[in-house]
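Structure, as structure tokens:
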Amino acid sequence: MRWHRSARARQGRVVLSDLVDLVLPASCALCHRPGGPLCPGCRRVVEDCLHPAPRIAVPSPCPPGMPQCWVTGEASGALRAVVTAYKDEQRRDLRRPLAAWLTPALRTAVGDSAVARRALVGRGLIIVPVPGSPRARRRRGEVPLRPLVASAVAGLGGRAVVADVIAATRVTRDQSTLDARERASNLAGAMMVRERHLPALRGAVCVVVDDLVTTGATLAEASRALREAGAAEVLAAAIGATRKRADADRTLPRGSP
Ligand SMILES: [Zn+2]
């Protein structure tokens, strides 16, 4: 019960901050000067983190079962700071620009896969935001990735449904302090498809979505859970991936299929 009260209190703060945003001119989330959610200068710095066209992110080392993952940009400096401000500093007004940067990766992931293209105009694509850890969910009182993914999917067209089909099976350690091998073992078997979604998953085409990709452990574990539940194809998309990961050479013009 204590948890419910604290989550509700946090949600109350979110609503209050939304109201304040309506009354007061928002400041830039990065430099805090007037003009939100990002001032033109900071927006340019963030856009410098974006690739000319979405790329396939290949973590090094690549975790077993890592799905093919398209990203729009590099998860460095400014782009990472914007994602952090959105998720942890209550800057929910960043949802729209972040969604606009996620959409090209999502669109390219779908456009690059014949089965995903067919699903988009046929039985439907299932877009799966990665579940936050129970610890992160308690801290934030919500899952900020979900509305961001929903906004990005709106730009996709066709039959794409955002669904929280994956749940955490156990408590995991904070990933940010772990190296690639520790992250993989920390997350091994840590996710499962919720029972009520199992019928819809059989033979489905899924796109797992995260905000930023570091070691790929989260996407690999989510993909394992979806495949084990019977998904026929699992792809992935994210706004950015960390620089030290080697990117594949394949690129497509932004905005294709
Ligand atoms: Zn700024």
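Numbering of ligands and ligand atoms starts at 1, following listing order.
Put simply, the residue from Arg146, Arg95, Arg96 that forms a side chain to side chain donor-acceptor pair (under 3.5 Å) with Ser151 is Arg95.
Residue pairs satisfying the side-chain hydrogen bond (donor to acceptor under 3.5 Å, both in side chains) criterion with at least one member in residues 203-212, sequence neighbours excluded, are listed as follows: Lys87-Asp211.
Stacking of Arg92 on the aromatic ring of Tyr86 is recorded, both the 6.0 Å distance cut-off and the 45° axial limit being met.
Using a distance-only test at 3.5 Å, with no hydrogens or angles considered, no donor-acceptor pair links the side chain of Thr169 to the main chain of Met192.
Only protein N, O or S atoms were considered, and those under 2.8 Å from the Zn ion (ligand 1) are Cys28 SG, Cys31 SG, Cys39 SG, Cys42 SG.
Contact check on Arg224 versus Glu221 returns a salt bridge, with a Lys/Arg side-chain nitrogen under 4.0 Å from an Asp/Glu carboxylate oxygen.
Side-chain contact between Val209 and Ile127 is present, with heavy atoms from C-beta onward closer than 4.5 Å.
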